[in-house]
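Throughout, protein chains are lettered first and strands after them, A, B, ... in sequence-line order, and every chain is numbered starting at 1.
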Number of protein chains: 2
Amino acid sequence: MTAYGQFCPVAKAMEILDERWTLLVVRELLAGSTHFNELRRGNPRMSPALLTKRLRTLERVGVVRRTGDPSGRTSYRLTECGEELRPIVESLGAWGVRWIGELGTEDLDPHLLLWDIRRTVPVDEWPRSRTVLAFAFDDVPQKVAHWWLVVAGSEPDVCDYDPGFEVTATIRTGLRTMTEIWRGDRSWVDALRAGEVEVVGPDTVRRDLPRWLGQMPLAAVPRPTPIVSPSGQVG
Amino acid sequence: MTAYGQFCPVAKAMEILDERWTLLVVRELLAGSTHFNELRRGNPRMSPALLTKRLRTLERVGVVRRTGDPSGRTSYRLTECGEELRPIVESLGAWGVRWIGELGTEDLDPHLLLWDIRRTVPVDEWPRSRTVLAFAFDDVPQKVAHWWLVVAGSEPDVCDYDPGFEVTATIRTGLRTMTEIWRGDRSWVDALRAGEVEVVGPDTVRRDLPRWLGQMPLAAVPRPTPIVSPSGQVG
DNA sequence: CTGTATCCTCAAGGATACTG
DNA sequence: CAGTATCCTTGAGGATACAG
């Protein structure tokens, strides 16, 4: 928060918002997280001390209000001022998904992926009875390769251990491929055709599964048209 | 540009954009600056080494293209990718002007103010003949208290020394007051009534002067409605 | 005009362990 | 659950001078 020495509103805004992690904490709050550990889960590489510090700053400048919620737990909520950051965070996301397609291996995180999927799972598309999808990622250490997504009732659950229910279908693929599909960088059909995803389960499930999982909301953002030269090469 | 370890497009965008000064350099490019020293003038507290570094990064990620312009001078221009940051920078400005009203003394800078005014002076509103406005700021060191704005033809000029032409009118006020008027935090009439601005010159000029100078574009952004309690106090 | 080159400091923030 | 406490490092970036 070192001052820029400018009266320009953009500079004044950035004094607050350009600090590392700040807008990612706001992103979590916009997505509906309210508790300290929810915010941590959304930003696992952030130390708790730093999260505290950022929340204090955001509170001081009026973006966040810290309250005890009904049950007495501490909870953080965006003020009107903070809520008005929504279009900014959304535009940043749209810009990011359009122009920063290349993901490093560092950017891939199964925990974040599954939690993000869980957040927006279209439960209505799923069968009424308990349904369990198993994920097996073949490009990460065994320890973090297996995940389960359980939909029973209206609340989806994510586990990194076998919850013991019968598995409806298993998705074998790379974490990278699954992430790219989720982000809308490539389509299910494309990945299936390329043999990079294998869905083990009944045909009906294999057909419905893409609709069950869906894609992240930003996946719908149109991508820049690649410039194709007459020779057919991408320029 | 330390990675966040997240595939989220907001995180990927912020890896680039949350570095100190970055979006302020982009702001200058969006405003039409193309040369190294123009970019420096817009961000005087930024060291040239750091500006170089930021420009290299922006070039590497595809936001900026570095070219020699017709005359051979180096020039920096936004790519399509960089141009798409415009709505983001504008939203940040709108948010900043709405929610960060308090300016520290550090934020006041006569050079930046005059250059910003110059940038958008509505020359058509001015007399056809050469017109010179003198600014005398009474709350800053003598050295930086006196400025001249010269409009002759279509190109306005700013000087921090007496250019020698006959002065059409002199504006005596605080740098803070002038900055607040420019930002739209307060109105001319309000500041005049409060006796915080004195315009020395012909009546016609005193009347027209607010229209000559105008306000920064973001001044038009509506401000949050203060919550007024029944007792009349601002909450 | 468009940068390099150096130096220096300091504080941001990552890692880890611990507590009411 | 919601943070503190501590340590440590490293590189970000401010200041200044200089160069092609």
Side-chain angles (χ1 to χ4, degrees), chain A residues 1-6 11 14-26 28-29 33-61 64-77 106-107 109 115, chain B residues 1-6 11 14-26 28-29 32-61 64-77 106-107 109 112 115:
Chain A
M1 273 222 16
T2 320
Y4 282 115
Q6 303 185 188
M14 290 314 280
E15 284 178 10
I16 297 165
L17 303 178
D18 72 1
E19 283 191 307
R20 194 163 158 69
W21 294 109
T22 296
L23 276 184
L24 303 189
V25 172
V26 171
E28 290 306 304
L29 291 162
S33 294
T34 58
H35 298 303
F36 194 83
N37 284 352
E38 285 180 303
L39 297 172
R40 287 199 64 184
R41 186 167 44 212
N43 292 298
R45 311 261 269 245
M46 187 181 193
S47 79
L50 191 52
L51 175 56
T52 300
K53 187 178 173 188
R54 287 292 181 274
L55 286 168
R56 296 283 180 273
T57 300
L58 288 172
E59 196 184 0
R60 182 168 50 73
V61 300
V64 157
R65 189 175 39 242
R66 181 176 186 274
T67 61
D69 75 2
S71 68
R73 290 178 66 191
T74 309
S75 100
Y76 297 90
R77 290 172 195 284
E106 289 277 307
D107 300 325
D109 180 325
W115 265 90
Chain B
M1 274 225 11
T2 321
Y4 283 114
Q6 304 184 186
M14 289 315 281
E15 283 179 11
I16 297 165
L17 303 177
D18 72 1
E19 284 191 306
R20 194 163 156 71
W21 294 110
T22 296
L23 276 184
L24 302 189
V25 173
V26 171
E28 290 305 304
L29 291 162
S33 294
T34 57
H35 298 305
F36 193 83
N37 283 352
E38 286 180 303
L39 297 173
R40 288 197 64 183
R41 186 167 44 213
N43 292 297
R45 312 261 268 245
M46 188 181 193
S47 80
L50 191 52
L51 175 56
T52 300
K53 188 178 173 189
R54 287 292 182 272
L55 286 169
R56 295 284 179 274
T57 300
L58 288 172
E59 197 184 359
R60 182 167 50 73
V61 300
V64 157
R65 189 174 39 242
R66 180 177 187 273
T67 61
D69 75 2
S71 67
R73 289 178 67 190
T74 308
S75 100
Y76 297 91
R77 292 173 193 284
E106 289 278 305
D107 301 324
D109 180 325
L112 281 177
W115 265 89

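Using a 4.0 Å heavy-atom distance criterion, B:Arg66 is classed as a sugar-phosphate-only contact. At a threshold of 4.0 angstrom between heavy atoms, the contacts of A:Arg20 are confined to the sugar-phosphate backbone, with no base atom among them.
A:Asn43 has its CG atom 11 Å from the P atom of C:dG14, to the nearest Å. The CE-C1' distance, from A:Met46 to C:dG13, rounds to 10 Å in whole Å. Rounded to whole angstrom, the span from the CD atom of A:Glu38 across to the C1' atom of D:dA2 amounts to 13 Å. Rounded to whole Å, the distance from CG on A:Leu51 to C1' on C:dA15 is 16 Å. To the nearest angstrom, P of D:dT4 lies 13 Å from CG of A:Leu50. If you take CG of B:Asn37 and P of C:dG3, they are 9 Å apart, rounded to a whole angstrom. In this structure, the CZ atom of A:Arg56 is 18 Å from the C1' atom of C:dA12, given to the nearest Å. The separation between B:Lys53 atom NZ and C:dT2 atom P is 22 Å, rounded to whole Å.
With D:dC1, D:dG14, C:dG14 as the candidates, the nucleotide lying closest to the side chain of A:Trp21 is C:dG14. Among the nucleotides D:dT4, D:dA15, C:dG3, the one closest to the side chain of B:Tyr76 is C:dG3. Among the nucleotides C:dT4, D:dG3, D:dG14, the one closest to any side-chain atom of A:Phe36 is D:dG3.
Listed pair B:His35 / C:dC1 fails the phosphate criterion, with no side-chain N or O lying under 4.0 Å from OP1 or OP2. Residue A:Arg40 places none of its side-chain N or O atoms closer than 4.0 Å to OP1 or OP2 of D:dA2. In this structure, B:Arg45 does not reach the D:dG14 phosphate: none of its side-chain N or O atoms is under 4.0 Å from OP1 or OP2. Taking 4.0 angstrom as the limit, A:Arg54 places a side-chain polar atom (N or O) nearer than this to OP1 or OP2 of C:dG13.
Contact between B:Arg40 and B:Pro48 at its shortest, heavy atoms only, is NH2-CD, 3.7 Å.
Ion pairing of A:Glu19 with A:Lys53 is absent here, as no side-chain N (NZ or NE/NH1/NH2) approaches a carboxylate O to less than 4.0 Å.
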* To do: May I have the step-by-step check of side chain to side chain contact (heavy atoms under 4.5 Å, CB included) for A:Leu39 and A:Arg54, ending in yes or no?
  => CA-CA 11 Å; A:Leu39 297 172; A:Arg54 287 292 181 274; over 6 Å; no

* To do: Evaluate the criterion side chain to side chain contact (heavy atoms under 4.5 Å, CB included) for residue pair A:Leu23 and B:Asp18; output intermediate values, then yes/no.
  => CA-CA 9 Å; A:Leu23 276 184; B:Asp18 72 1; over 6 Å; no

* Let me see the working for A:Arg45 and A:Trp21 under side chain to side chain contact (heavy atoms under 4.5 Å, CB included), right down to the final yes or no. => CA-CA 10 Å; A:Arg45 311 261 269 245; A:Trp21 294 109; 3.8 Å; yes

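Along DNA chain D, the nucleotide nearest to A:Thr74 and the one nearest to A:Thr2 differ in position, and the one closer to the 5' end is contacted by A:Thr74.
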